[in-house]
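Working notes for the structure below.
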Amino acid sequence: MIELRKFEIGDIDYLKLWITDERLCCQWCARNFIYPLDDLQLYKYISTLNDSHTNFAFTLVKKDDDIYPIGHIKIGNIDYEEKSAKLQFVLIGNRLFRGKGFGKDMVNLAIKYAFQYLELEELDLRVYSFNTSAINCYKTLGFKEIEYIDKSFQFNDEEIWDEIVMRLEKDKWKKERK
Ligand SMILES: CC(C)(COP(=O)(O)OP(=O)(O)OC[C@H]1O[C@@H](n2cnc3c(N)ncnc32)[C@H](O)[C@@H]1OP(=O)(O)O)[C@@H](O)C(=O)NCCC(=O)NCCS
């Protein structure tokens with residue numbers, strides 16, 4: 001069994017370990033963080049969380065083993081009037097843990113937090129078009145593509161990535177769960 005708990009200062013070192021190269025860094029967060037992740041960026045990140053209730057970041061842990069985190073996820077840009085938010089920084093840290101269902105379970109927990117606890121109605125996210133495992137993960141949970149942005153992100157001199165915007169609406173999510 002797994003659960004989300006608040007992202008804490010003690011988790012910073014894991015994020016630094018998990019983001020092993022620039023490609024993964026960009027795939028994970030565009031340029032919200034610059035590779036390599038460091039204390040300065042991550043302390044700044046922590047300072048933007050939770051106090052305004054518009055950004056929540058979580059660490060995924062096993063219920064009986066809080067010591068070794070598995071993943072990270074953020075519900076950001078929360079707009080309580082529009083009842084909307086963005087799902088960001090979705091990551092299963094250790095490569096060996098990917099493709100085993102943890103990503104789907106983690107995103108599902110974040111969806112429940114957003115729709116049931118924060119009472120939001122709509123979640124959006126962005127994902128690069130080559131990121132099949134992430135896209136499958138989101139589709140399985142009910143996210144639908146609402147926009148395809150050609151050449152949205154210049155990774156380096158040779159690569160420009162296309163981006164997909166996906167959305168999950170609470171009503172549809174509730175119906176599909178029945
Ligand atoms: C994206 C990520 C969070 C997905 O988590 P995960 O634990 O690897 O994925 P899951 O095992 O939960 O699989 C979710 C779905 O994707 C499918 N999937 C998993 N790995 C896949 C792969 N390599 N290729 C194609 N589909 C894949 C699974 O079959 C599952 O679909 P299903 O429920 O229909 O069977 C994880 O791979 C990751 O952290 N990647 C690096 C960071 C990143 O790209 N984050 C996303 C930024 S938008």
Side-chain angles (χ1 to χ4, degrees), residues 1-5 7 11-37 41-42 45 49 55-63 65 68-78 84-114 122-156 159-168 172-173 175-178:
M1 290 290 277
I2 54 164
E3 64 185 350
L4 293 179
R5 65 155 168 76
F7 176 67
D11 300 325
I12 278 181
D13 284 343
Y14 284 95
L15 271 186
K16 286 196 285 188
L17 265 180
W18 289 340
I19 301 300
T20 47
D21 57 85
E22 189 171 2
R23 180 177 293 273
L24 176 61
C25 189
C26 294
Q27 176 181 321
W28 173 60
C29 72
R31 289 209 170 82
N32 283 288
F33 296 99
I34 305 300
Y35 179 79
L37 268 59
Q41 295 184 69
L42 289 164
Y45 177 49
L49 299 172
N55 292 295
F56 294 90
F58 302 97
T59 297
L60 182 74
V61 291
K62 285 193 183 151
K63 268 192 175 159
D65 176 8
Y68 298 108
I70 302 170
H72 182 85
I73 193 162
K74 179 183 169 197
I75 302 171
N77 290 69
I78 300 172
S84 66
K86 290 191 185 352
L87 222 51
Q88 297 172 305
F89 308 158
V90 180
L91 177 70
I92 296 302
N94 186 328
R95 275 169 208 274
L96 298 175
F97 279 38
R98 294 187 197 142
K100 293 181 165 36
F102 285 115
K104 201 165 75 179
D105 290 347
M106 176 172 72
V107 175
N108 198 30
L109 287 172
I111 293 170
K112 283 187 186 161
Y113 191 89
E122 197 174 87
L123 278 175
D124 280 9
L125 59 82
R126 287 167 176 264
V127 56
Y128 295 113
S129 63
F130 62 80
N131 196 347
T132 324
S133 52
I135 293 168
N136 285 346
C137 176
Y138 306 140
K139 276 190 180 161
T140 305
L141 293 165
F143 279 89
K144 302 272 185 282
E145 177 176 333
I146 55 162
E147 195 182 352
Y148 190 98
I149 308 169
D150 266 324
K151 300 183 176 38
S152 133
F153 184 84
Q154 180 95 39
F155 174 62
N156 58 25
E159 284 182 53
I160 305 182
W161 298 347
D162 296 348
E163 195 173 29
I164 298 171
V165 184
M166 301 183 91
R167 175 167 294 164
L168 181 66
K172 287 187 190 153
W173 174 74
K175 274 184 206 145
E176 279 170 26
R177 289 175 79 219
K178 278 182 186 159

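Note that the structure is predicted; figures quoted are calculated from it, not measured. The figures here come from the full heavy-atom set of this structure, side chains too, leaving out hydrogens, waters and symmetry mates. Numbering of ligands and ligand atoms starts at 1, following listing order.
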Checklist line | For the student: nearest non-hydrogen atoms of Ile19 and Cys25, plus distance | finding: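 That would be CG2-CB, 3.5 Å.
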
Tell me, which residues have any heavy atom less than 4.0 Å from some atom of ligand 1?
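Ligand 1 pocket, heavy atoms under 4.0 Å: Leu24, Gln27, Val90, Leu91, Ile92, Arg98, Gly99, Lys100, Gly101, Phe102, Gly103, Lys104, Arg126, Val127, Asn131, Thr132, Ser133, Ala134, Asn136, Cys137, Tyr138, Thr140.
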
Phe58/Tyr113 aromatic ring centres below 6.0 Å |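 Yes, they do, as the ring centres are separated by less than 6.0 Å.
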
Discussion item. Would you say the rings of Tyr68 and Tyr14 are close, in the sense that their centroids are separated by under 6.0 Å?
Written reply: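 Between Tyr14 and Tyr68, the centre distance exceeds or equals 6.0 Å.
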
Mind checking what makes side chain to side chain contact (heavy atoms under 4.5 Å, CB included) contact with Ser133, not counting sequence neighbours?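 Residues passing side chain to side chain contact (heavy atoms under 4.5 Å, CB included) with Ser133: Asn131.
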
key: Verdict with reasoning, Arg5 to Asp11, per salt bridge (Lys or Arg N to Asp or Glu O under 4.0 Å)   = CA-CA 11 Å; Arg5 65 155 168 76; Asp11 300 325; 2.8 Å; yes

Should the pair Tyr45 and His72 be assigned to parallel (<30°), tilted (30 to 60°) or perpendicular (>60°) ring geometry?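 Tilted.
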
